[in-house]
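For the numbers below, each heavy atom of this structure counts, side chains included, while hydrogens, waters and symmetry mates do not. What you see is a predicted model, and the numbers here were worked out from it, not measured in a lab.
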Amino acid sequence: MWKKFAKEASSRKINFSAFKFFHAGIITPPHTQTLFNSAYPLMDSHRIGVLSAQKHNLGRSHFAQSPNTLSLRSYASVAEAIASTDDADSDLSGSEEIQELIDQISKESDCITGSSLSSFNKQPKKMVAGMGSGKYYMLKRRQIKMETEAWEQAAKEYQELLTDMCEQKLAPNLPYVKSLFLGWFEPLRDSITKDQETCRENNRLTHAPYIDKLPADMMAVITMHKLVGLLMTNAGEVGSVRVVQAACQIGEAIENEARIHRFLESTKKKKNLTDDKLEGASDPKEQEKLRKKVTNLIKKQKLQQVRGILKGQDDSKPWGQEAHVKIGCRLIQLLTETAYIQPPVDQLGDSPLDVRPAFVHCLKNVAKEAQKSRRYGVIECDPLVLKGIEKTARHMVIPYMPMLVPPLNWTGYDQGAYLFLPSYVMRTHGARQQREAVRRTPKSQLEPVFEVLDTLGNTKWRVNKRLLGVIDRMWASGGCLAGLVDREDVPLPEELDTEDEAEIRKWKWKVKAVKKENSERHSQRCDVELKLAVARKMKDEEGFYYPHNLDFRGRAYPMHPYLNHLGSDLCRGILEFAEGRPLGKSGLRWLKIHLANLYAGGVDKLSYEGRVAFTENHLDDIFDSADRPLEGKRWWLGAEDPFQCLAACINVAEAMRSSSPETNISHIPVHMDGSCNGLQHYAALGRDKLGAAAVNLVGGDKPADVYSGIAARVLEIMQNDAKKDPATNPAALHAKILIDQVDRKLVKQTVMTSVYGVTYIGARDQIKKRLKERDAIADDTALFAAACYTAKTTLTALEEMFEAARSIMNWLGECAKVIAAENRPVRWTTPLGLPVVQPYRILGRHLIKTSLQILALQRETDKVMAKRQRTAFPPNFVHSLDGSHMMMTAVACKKEGLNFAGVHDSYWTHACDVDEMNRILREKFVELYERPILENLLESFQKSFPKLNFPPLPERGDFDLREVLDSPYFFN
């Protein structure tokens, strides 16, 4: 989004039809506006005055001026706002301009709510985004400040703390992480300032073009927060992060903030701007020629041509990964040189001060599976930095927070979602062809996809304060309940007083295992702290929103990374719909079913009536859980999803104790989940009767459990094998050992991942892990052999039950093989019009010299990864179909007035609306698969590659798709 600023500023034609009026009581809905709407002028009405058509020589009549009418400019995007600052004869600085904007919102909010406007009092209260207009503009003002001032406020806070310390000659009592940052801030800021001065004198340094793009204090804050954040959450090894990863993230954060900073500071007169841009021409004669041309064009009012010339002189192109690592490495280097740490005074005793670097740059050998070990540059932090940091993660700056107002509607690849923060409709992870495919797609084709993302982004959430209070108490007491990680480390084994090498070797393995466990616990504790930090920040908000974007397959994800409904049971328990709706009779029933589903443990496999009965039989436990979650019997802790179960207990208790349960207001999202959803899509594609019955596409008295079905078939095969002679059939021995081990849990993961093309080796490892958890077979060699046998048997059972699915998988794989053999990626278009390009290419290495070390950046080459293109295509294609089904359901639910949230194959709505959502999702599934999906795919392949021979479509069965409409457990 930001890289388009200057381009749009220099190329966009002024659209005077976009000028709007703000009249008391007349407000354009936010869904038809974007960042700067009619209530967001960049200058107040007194400064603008009347917009004169003669002044602009456009031959139109003047705008009328009235006491109750403000003549304001409306902007469709930040880019247009920048274009306006270039065109306007204003001397305001960017930050002053934003302040003017915010002040104006306040004035207009007062204007709306004030009693002085009698015409307004005669009219009903105007609503914007489901709330009063005054509240909406107040929240939008806060959202702008939140997005644009997070780093600046952090820098300002450290500066104020330093000033207070100097004045009072006292060290403030600060949280651990803040005290660390405060100690590092001033030396790092001063070092960056000095480096900026050096680079002005010697601009040949690799990082020189970027070091001056932000004030030194903001660069210091971003560097500290980003690096410590990575060290906290690195899944590989807590307290250590690869230089290239850290440099890329710090560099990208600097670029994003620099673009915001540049926007806020970029209010110059057009003449000055023109002069500055033209100074980019190196040849003086060429400069003069351009100046004359621009001057003549300005005289003739040919502004579009002027912008065309300035566009060519623009220097605000995206920095790119190479620039990110150069500036990132330099900032990391400065931090390692200036940041120190020492133990607390009470730990030193009589020993001298132990001052040491907080961060160390070193080289490490890192071994990857099936690859030789390679040497990487890493940044490691001192153990004292890690100590206690997990307890104060809440003081980290967290970008991309949930929004206080509905996100901007998506209108393009980089236009939508957050007001200022860079937002992209797809997470391409650097895949150039996928990015270009989306950019080239006509907007009209992508409208259905944009509509879905807008629908998901407009679902309003809030924090369940009661749940958060319980979780805070549990966390303060040490965690280790309801899936919360233990807040204490495992103590290291005591050193041995022996010289026995075998014992020493065992001890070393134990130490290694304990350190690994503690590292994982630390990472999990930091994760919980970050989630809770967001919850605490948002708990007093009436509601908030999650902007969504897509992965390359078309699955939707919230852009905020920590506390969202795609997260763990902790996140889902904390979040609920902001809007409450009366349960109604059907809603109360679905709430009881939902509670039973969350308790699980086999209960979720009962019929709906059985699940309702389970809840009603446990009402005393539910009331006790709701009233005394930590002091009572703690029945809810036995649930598979304990926090969500507790939230449901509280809601059920409130309803059942009410004099009228059906009128009780519920905010709980009730989930409807697909039954092994990938296999449901394959069964529909292949019209497979046997497969359809196994995954609930056909109705029944209770839900069919595909995992139990496969386990039963595996047991049957093993029982037959066990009867054979072990001397002639080695499988007989394994079968006799394993017969008592076969159950649903043993095969579940393999069945789930079969739709994703799990290999024999993958299945073997999954089953080996399950067997090891049970300590079923002590000897490692025997365990390996048993896992091999079980994996083969499970895959055989799968092929028997889902023959049509296997044939479609094979056909998709063969098509991908044909395409990849031509060194081309597999590409297709989803039923909703989203272009998909598989990103798997062989990566090359590109060496970059930085101030810290020489880095090897990975770059896409022209050669595709043929094997990966083939194996990844079947699961990616099915994911694009389940994404399409969710999208179709989301839009239809919105049209029916339902609140909707989706987690891939799990659809959520209010309890009272579950019946309606169930009808819609079944109708949309049938509508999706009544299309000739495989025929269209083959046709697109043949059209793209007319000279290639593709295998014929697989044979399909005669399953009637419309049976899905009457299947109660299709989604349940």
How many angstroms lie between atom CD1 of Ile848 and atom SG of Cys329, to the nearest 0.5 angstrom? 10.0 Å
For residues Pro402 and Met538, determine if any side-chain heavy atom of one lies less than 4.5 Å from a side-chain heavy atom of the other. yes
Rounded distance [0.5 Å steps], CD1 in Ile341 versus SG in Cys381: 8.5 Å
Heavy atoms, side chains only, cut-off 4.5 Å: are Asp190 and Lys194 in contact? no
Do the rings of Phe181 and His225 sit parallel, tilted or perpendicular, given the 30° and 60° boundaries? tilted
Taking the side chain as C-beta and beyond, is there a heavy-atom pair between Ile379 and Val360 under 4.5 Å? no
Counting N and O atoms only, with roles assigned by atom type, does the side chain of Ser191 sit under 3.5 Å from a partner on the main chain of Pro187, one being a donor and the other an acceptor? no
Could you give the distance from CE (Met403) to OH (Tyr545), rounded to the nearest 0.5 Å? 10.0 Å
Using only atom types and a distance under 3.5 Å, with no angle test, would you say the side chain of Asp489 pairs donor to acceptor with the backbone of Pro491? no
Salt bridge (charged side-chain N to carboxylate O under 4.0 Å, His left out) for Glu252 and Lys226? Distances and angles first, verdict last. CA-CA 10 Å; Glu252 187 179 5; Lys226 281 288 177 184; over 6 Å; no
Is it true that a side-chain atom of Arg439 and a backbone atom of Tyr413 form a donor plus acceptor pair closer than 3.5 Å? no
Got a donor-acceptor contact below 3.5 angstrom from the Arg555 side chain to the Leu550 backbone? no
Taking the ring of Phe359 and the ring of Trp184, is the distance between their centroids below 6.0 Å? yes
Can you check whether Tyr340 reaches Pro357 side chain to side chain, under 4.5 Å on heavy atoms? yes
State, yes or no, whether a side-chain contact exists between Val385 and Leu231 at a heavy-atom distance under 4.5 Å. no
Would you give the length of the straight line joining atom CG of Leu843 to atom CD of Glu860, rounded to the nearest 0.5 angstrom? 7.0 Å
Taking 4.0 angstrom as the limit, do Arg189 and Glu186 come out as a salt bridge? yes
Indicate the atoms forming the closest heavy-atom contact of Ile211 with Met219, along with that distance. O-CE, 3.2 Å
Non-hydrogen side-chain atoms of Met146 and Tyr418 separated by less than 4.5 Å: no
Please determine whether a side-chain nitrogen of the Lys or Arg among Arg330 and Asp195 lies less than 4.0 Å from a carboxylate oxygen of the Asp or Glu. yes
Test of understanding: with ring pair (Phe, Tyr, Trp, His ring centres under 6.0 Å), list the residues that count as partners of Phe552, not counting sequence neighbours. none
Salt-bridge present (Glu380, Lys364; N to O < 4.0 Å): yes
Shortest non-hydrogen pair, Ile327 vs Gly251, comes out as CG2-CA, 3.9 Å
Let me see the working for Phe544 and Leu575 under side chain to side chain contact (heavy atoms under 4.5 Å, CB included), right down to the final yes or no. CA-CA 10 Å; Phe544 46 86; Leu575 292 173; 3.8 Å; yes
Are Glu529 and Arg536 within salt-bridge range, i.e. N to O under 4.0 Å? yes
Quick one: do Gln333 and Glu337 satisfy side chain to side chain contact (heavy atoms under 4.5 Å, CB included)? Show the steps, please. CA-CA 6 Å; Gln333 184 182 16; Glu337 291 171 355; 3.5 Å; yes
For Thr223 versus Leu335, what's the shortest heavy-atom pair and its separation? CG2-CD2, 4.2 Å
Closest non-hydrogen atom pair between Gly377 and Leu363, with its separation: CA-CD2, 3.6 Å
Identify the residue among Lys531, Gln524, Arg525 that makes a side-chain hydrogen bond (donor to acceptor under 3.5 Å, both in side chains) with Asp527. Lys531
side-chain hydrogen bond (donor to acceptor under 3.5 Å, both in side chains) with Gln143: of Glu147, Lys145, Arg141, only one passes, and it is Glu147
Test side chain to side chain contact (heavy atoms under 4.5 Å, CB included) on Ile842 and Val864 and set out the steps. CA-CA 6 Å; Ile842 293 174; Val864 301; over 6 Å; no
Donor-acceptor side-chain pairing of Arg841 and Gln433 below 3.5 angstrom: yes
So which atom in Leu188 and which in Leu331 form the shortest heavy-atom distance, rounded to 0.1 Å? CD1-O, 4.4 Å
Could you measure the distance from the CG atom of Leu227 to the CD atom of Gln249? Nearest 0.5 Å is fine. 10.5 Å
Rounded to the nearest 0.5 Å, how far does NE2 of His429 lie from CZ of Arg435? 12.0 Å
Could you give me the CA-CA distance, side-chain angles and deciding distance for Trp410 and Ser423, then say whether side chain to side chain contact (heavy atoms under 4.5 Å, CB included) is met? CA-CA 10 Å; Trp410 284 102; Ser423 305; 3.9 Å; yes
Using a distance-only test with no angle check, is there a side-chain donor-acceptor pair under 3.5 angstrom linking His361 and Gln853? yes
So do the side chains of Tyr557 and His548 get within less than 4.5 Å of each other, counting heavy atoms only? no
So, Asn518 side chain and Val490 main chain: donor-acceptor pair closer than 3.5 Å or not? yes
Can you tell me if CG on Asn202 sees more than 12 non-hydrogen neighbours from other groups inside 6.0 Å? yes
Should Glu520 and Lys515 count as an ion pair when the cut-off is N to O under 4.0 Å? no
Exercise: identify the closest heavy-atom pair between Leu214 and Ala258: CD2-CA, 3.8 Å
Do Tyr546 and Leu563 make a side-chain contact, defined as non-hydrogen atoms from C-beta onward lying under 4.5 Å apart? yes
Polar side chain donor-acceptor pair, Gln434 to Thr428, under 3.5 angstrom: no
Test of ring centre spacing under 6.0 Å for His324 and Tyr210: no
Given 3.5 Å as the limit, does a donor-acceptor pair link the side chain of Asn549 with the main chain of Tyr424, or not? yes
